[in-house]
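Note on naming: letters A, B, ... go to the chains in the order of the sequence lines (proteins, then strands), and numbering restarts at 1 for each one.
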Amino acid sequence: MKKKKMEITAVAFSMAFRHSSISASASITEPPTPTPPSPSQTKKSIKFVNSKPFSARKSAKLQLHRASDLNSVLSKVGKTLTVKELNSTLHHFGNSNKFNHISQLFLWMQENKKLDVYSYSNYIKFMANKLDASTVLKLYNNIQDESAKDNVYVCNSVLSCLIKKGKFDTAIKLFHQMKQDGLVPDLVTYSMLIAGCVKVKDGYSKALQLIQELQDNKLRMDNVIYGAILAVCASNGKWEEAEHYFNGMKNEGHSPNVYHYSSLLNAYSASGNFKKADSLIQDMKSEGLVPNKVILTTLLKVYVRGGLLEKSRELLTKLESLSYAEDEMPYCVLMDGLAKAGQVHEAKIVFDEMMKKHVRSDGYAHSIMISAFCRAKLFEEAKQLAKNFQTTFNKYDVVIMNSMLCAFCRAGEMESVMETLRKMDELAISPDYNTFNILIKYFCRQNMYLLAYQTMEDMHSKGYQPVEELCSSLIYHLGQANAYSEAFSVYNMLKYSKRTIRKTLHEKILHILLAGKLLKDAYVVFKDNATFISGHTTKKFASAFMKLGNINLINDVMKTLHNCGYKIDQDLFEMAVTRYLGQPEKKDLLLHLLQWMPGQGYVVDPSTRNLILKNSHLFGRQLIAEVLSKQRVSLKPKNLTR
DNA sequence: CCCTGTTAAC
């Protein structure tokens, strides 16, 4: 039964991630595709275009703006328009969200070579939500015009688009390449990149590097750069650093605006420092600034984190009266705070109120409550809410998927787990670190260790590093299930990740490898971690290897054991010699061992000696006698020192 | 004419 269940799951599971494993990341160094020169580019036609009466072109532009069949209008009047006019048309379509028109027009402009830097930056800006990162990269790489390629506006809009798509690392890589190709970054480039650090790992130190770089380039931080770095400080919980920048900008003569205040306020929220927050609000008011929706919502976050739940409720009421609570965010802040303070039922009351008031929601509230229920181990409630989400929303992202997966996993709803995975595939939502963690834990709880292992492999191949605890537990269970090489593979994932490993894990995997007779791997583990391996386990490894290990490695293992301070006993030598006697073609290895021994103070004991002599015809009597005689000579002085 | 900064969920 278990086995059957596992197979079904494995199929569904691999199906579920079909999409994500083939999603290729486009190279930023992709060679440009050459396009043949178009006839419209000739000087003659441009001259012709410019000589058209202005009124005719104006009507052509209007025809374009109103066109339903854009391509037919373009083929009629497109060539009469200037690049500037075409750009303004792009703008027009952009402002009215006519994305198909933008694409068609831009394609036509590319094909007819009627475009400039504004066209590129406009296009990318308007299409940022529709294009994916690899399309934008391709577009940029295929720009033939060198002056457009290192144009700061074009570069900024490309980088900005990548960052919006969450491809921060790609953006940074491209940024370095752009600089090499001649881009001179400006303050906008840096503000955008620094702002991009808000949501990335190690964002604060990455932002500092960028600040350093802009200063090295003799650029001076402006209001927006300060806004960006304050946001980075806030999202990394660095309120002291935030205060430093806040005061720094004031000293440089910049007056903070609501963006700066809200970021500093947000920096106080991590530690719930409501005293500093209240006094900041006073400062702000005395500067003549009026707290807006974001400021008050952030203040709510400070109160919630500071544990001032009564005051939080009052502030939410105030937000409602100011019509600042028309979307779910303030409710979410309060619910999450209550839930994290262990008051799930109070959180649910806020949720129900919110539903009763028909507050606009994108599903965050559901996600928060599902997670809150899971945290409180109220899996049935979590599951109900997840199902409720499925029926009322049609907007999914990886976070809500994770919340639902967690709920279904914990409630033991296998069918719903699979359905959610299929949905992720259908919508091409890539699993993230948490998705993998949730699934691996679930599969382990279901005793589906091989599936857990496959999931961890997938996780690892996507660049996510599982924590030691999970690896360690999976290693143990795989070992118990006789899946020795899988256990070793998990060990290696952990070993080559940047995570720390408890020293006892090396010994644990060694036992598993010995049980699986994976002696070569065991040797590698032993060699790399000999100092963490107990005497008992060393002995176990040594005799296992002598008995069944690769004969060509026996001498190496002997030397390693010796070099690690392990005293090799006579039994071990006898086992090695027996192996060599069984394979006379390895006589050189036996002779090598016998020659090595006296130098390290080892002697051949009488019974082994007899064994060798009995078989000396296999090796050459003369040679054996010589080697054994050297043993005897060195025996005495060495023996005294031992 | 084009590019930048603030609030919520695992």
Would you kindly give the [atom1]-to-[atom2] distance between [X] and [N], to the nearest whole Å?
X	N	atom1	atom2	value
A:Asp222	B:dC3	CG	C1'	13 Å
A:Arg305	B:dT7	CZ	P	12 Å
A:Asn434	B:dC10	CG	C1'	5 Å
A:Leu265	B:dT6	CG	P	15 Å
A:His91	B:dC3	NE2	C1'	11 Å
A:Ile295	B:dT6	CD1	P	13 Å
A:Asp116	B:dC1	CG	P	12 Å
A:Phe351	B:dA9	CZ	P	16 Å

Quiz prompt | N/O donor-acceptor pair, side chain A:Ser262 with base B:dT6, under 3.5 angstrom | solution =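 Counting by modelled atom types and ignoring angles, a donor-acceptor contact under 3.5 Å is found here.
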Quiz item: Going by modelled atom types, is there a donor-acceptor pair between the base of B:dC2 and the side chain of A:Ser121 at under 3.5 Å?
Solution: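 Side chain to base: pair present.
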Quiz item: Counting N and O atoms only, with roles assigned by atom type, does the side chain of A:Ser191 sit under 3.5 Å from a partner on the main chain of A:Leu187, one being a donor and the other an acceptor?
Solution: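 Yes.
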Quiz prompt | Heavy-atom donor-acceptor pair, A:Gln465 side chain to A:Gly463 backbone, under 3.5 Å | solution = no
Candidates [options] - which lies nearest the side chain of [X]:
X	options	value
A:Ala231	B:dA8, B:dC3, B:dG5	B:dG5
A:Arg375	B:dC10, B:dA9, B:dC2	B:dC10
A:Asn257	B:dC3, B:dC10, B:dG5	B:dG5
A:Cys332	B:dC10, B:dA8, B:dT6	B:dA8
A:Ala228	B:dA8, B:dG5, B:dT7	B:dG5
A:Met329	B:dT7, B:dC1, B:dT6	B:dT7
A:Val399	B:dC10, B:dT4, B:dG5	B:dC10
A:His260	B:dA9, B:dC1, B:dG5	B:dG5

Exercise. Flag this pair as yes if the NZ/CZ of A:Lys238 is under 6.0 angstrom from the six-membered ring centre of A:Tyr204 and inside a 45 degree cone about the axis; otherwise no.
Key: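 Geometry flag: set, cation within 6.0 Å and 45°.
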Quiz prompt | Axial cation check for A:Tyr140 ring with A:Lys149, 6.0 Å and 45° limits | solution =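 The answer is yes, since A:Lys149 meets both limits relative to A:Tyr140.
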Quiz item: According to the interplanar angle, ranging from 0 to 90°, do the rings of A:His254 and A:Tyr226 count as parallel (below 30°), tilted (30 to 60°) or perpendicular (above 60°)?
Solution: tilted
Would you indicate what [X] reaches in the nucleic acid, counting non-hydrogen atoms under 4.0 angstrom: base, sugar-phosphate, or nothing?
X	result
A:Asp397	base
A:Asn151	nothing
A:His366	nothing

Quiz item: Side chains of A:Thr435 and A:Asp432: is there a donor and an acceptor less than 3.5 Å apart?
Solution: yes
Taking only side-chain N and O atoms of [X], does any of them lie within less than 4.0 angstrom of OP1 or OP2 on [N]?
X	N	value
A:Ser160	B:dC3	no
A:Lys164	B:dT4	yes
A:Lys340	B:dC10	yes
A:Asn266	B:dT6	no
A:Lys125	B:dC2	no
A:Lys293	B:dT7	no

